[in-house]
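What follows is one structure encoded as C-alpha cells, with my remarks underneath.
Both ligands and their constituent atoms are indexed starting at 1 by order of listing.
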Amino acid sequence: MSVKALIDLDACRYNLSIAKKAAPDSKCITIIKANAYGHGMVEIAKALNDADMFGVARIDEAIQLREAGITVPVLLLEGFSSENELNLVRQHKLDCVIHNESQLDLLEQSTGEKISVYLKIDSGMHRLGFNPEDVVDVMQRLKQNTNVNTTVKLMTHLANADDKQDDTTLKQIDVFYQSIESFSSAETSIANSAGILGWPQSHALWNRPGIMLYGVSPFIKGKASDHNLKPVMTLSSQLVAVKKIKKGESIGYGGTYICEKDKTVGIVAIGYGDGYPRHAKTGTPVLVNNKRCSLLGRVSMDMICVNLDEQPATKVNDPVVLWGKGLPVEEIAESADTIAYELLCGVTGRVEFVYSD
Ligand SMILES: *Cc1c(COP(=O)(O)O)cnc(C)c1O
C-alpha cells in the first residue's frame, strides 16, 4: 500500500505571496519550525528561496538549514540557552530572539562577532518575553553590550489573534507600542498568520507568517478558501479491503460503531501510526475516489474503516485522501477536537513524502 504526503511547493509559494499582498509594506520572517509544520523544512526553505528571513524554534533546526546550504538570514525564535549554543549562533550567523535575563547574562559574558537581536516583550501572552516595564532597562543593557549589533529589533507575540471578536489583540498591540515608546525608530515585529490576515493594526516592518503558508486558515472560524489559501499537504492512501457487514454487527476496536443496516465498508491503510488522529470521530469525512464518505468506529494504528454505502462498486487499491486537496485539514481537525497545526506536524516518518513543483 502506498501512503503518501504529497507536498505542493507551488501552493506554498503562492500562499507566501498572499501574506505579502495582505501586508504590502511588511517583510516576512517565514516560519518553518517543527519541520515546516510537518512538510519538510529543507524542501520548503528551498522552495521559498526569495524569503526575507526564516524563523525556527531551535538551534538544531537552524543548523540543519545552514548545512543544507541555505544562506538566507535565520531567526531563532527561542534564542540560545548556553554558551555552547551562543558559539553555534556565531558560527552559523543566526539572528536571536532574546527573551530572558539569563540570555542577557550569557551575551555579556561571551565575546566574538556581534549578534543581531530581536528583543521579545511579553505584551500579554505570558509565555516568553520581558515585562513591558523592564524594556527600557533591558535596552540599556543591550546598547552597552559590545557583543550586540546596535540595531536591536523589538517584537511581541499575539495570544488570541485567531479570534476576530476578541479585543485582547488590540490591547496587546497597545501594551507593546507603549513599552517601546522611547525607541520609535526601532524595527518591530508583531503579526503571526492571524495578525496578517485579520488585524492590520498588527502589521509591522517584519511579519511572521506560519500556518497560512501551508494553506490553512489561522482563524477559529473560517476556511482557507476564505483567504484564497491553497492546501500544501495532501495525505493520501488506498483501500486495503472492501467488505459487506451485516446489520447489528460492530466495526473496529471496542465495537463502538454498530451497523444500523447491512453496509459496504472500506478499510483504508492509514492510522495513528501515520499521524491520522486517533480521536477522529465516526462521521469524520474521508475522500474515496474523490467522493466524500465518512469514518466508522475507532481509528487503529494502521487502518481506518469508512462507509461505502454510496459507492458500492469501490475496489481494493482505490485512492483515498485523508486531508488536503478537496478535503480541508481544518475539517478533520475539528472532528478530532484538535487544530490543523497538530495534524500537519504529526505525520510520522512511515509516510512517504513526495514533492511537486
Ligand atoms: C509559530 C510562531 C509564529 C507563526 O504562527 P502562525 O500562527 O503559524 O502563523 C509566529 N511567531 C512566533 C513567535 C511563533 O512561535
Could you tell me whether [X] atom [atom1] has more than 12 heavy atoms of other residues or ligands within 6.0 Å of it?
| X | atom1 | value |
| --- | --- | --- |
| Q109 | CD | yes |
| M125 | CE | yes |
| E83 | CD | no |

Inset, instruction - Return a yes/no value for G210: is any of its N or O atoms, backbone included, closer than 3.5 angstrom to an N or O of ligand 1? - result: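 The answer is yes, given that G210 and ligand 1 share an N or O pair closer than 3.5 Å.
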Legend entry - N or O contact, Y341 vs ligand 1, cut-off under 3.5 Å: yes
Legend entry - Residues K221, D162: salt bridge by 4.0 Å N-O rule: no
Just need the protein heavy atom nearest to [atom], so name the residue and atom and give the distance.
| atom | answer |
| --- | --- |
| atom 1 (C) of ligand 1 | K33 NZ, 1.5 Å |
| atom 12 (C) of ligand 1 | H157 CE1, 3.4 Å |
| atom 9 (O) of ligand 1 | S193 OG, 2.5 Å |

Legend entry - Proximity of R208 to ligand 1 by residue part, where a heavy atom lies under 4.0 Å: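 Within the 4.0 Å criterion, R208 contacts ligand 1 through backbone and side-chain atoms alike.
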Legend entry - Under-4.0 Å heavy-atom contact with ligand 1, by part of M212 that carries it: neither
Legend entry - Among K171, Q178, Q172, the one residue meeting side chain to side chain donor-acceptor pair (under 3.5 Å) with S123: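 It is Q172, the one option of K171, Q178, Q172 that forms the side chain to side chain donor-acceptor pair (under 3.5 Å) with S123.
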Legend entry - Those atoms of ligand 1 less than 4.0 Å from some heavy atom in I211: 6 (P), 8 (O), 9 (O)
Legend entry - Atoms of ligand 1, numbered as shown, that sit under 4.0 Å from any heavy atom of Y37: 1 (C), 4 (C), 5 (O), 6 (P), 8 (O)
Inset, instruction - Look up atom CG in N100 and atom CG in D122, then write down how far apart they are to the nearest 0.5 Å. - result: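 Rounded to the nearest 0.5 Å, the CG-CG separation comes out at 12.0 Å.
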Inset, instruction - Can you label the angle between the W323 ring and the Y276 ring as parallel, tilted or perpendicular, going by 30° and 60°? - result: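 Judged by the thresholds at 30° and 60°, the geometry between W323 and Y276 is parallel.
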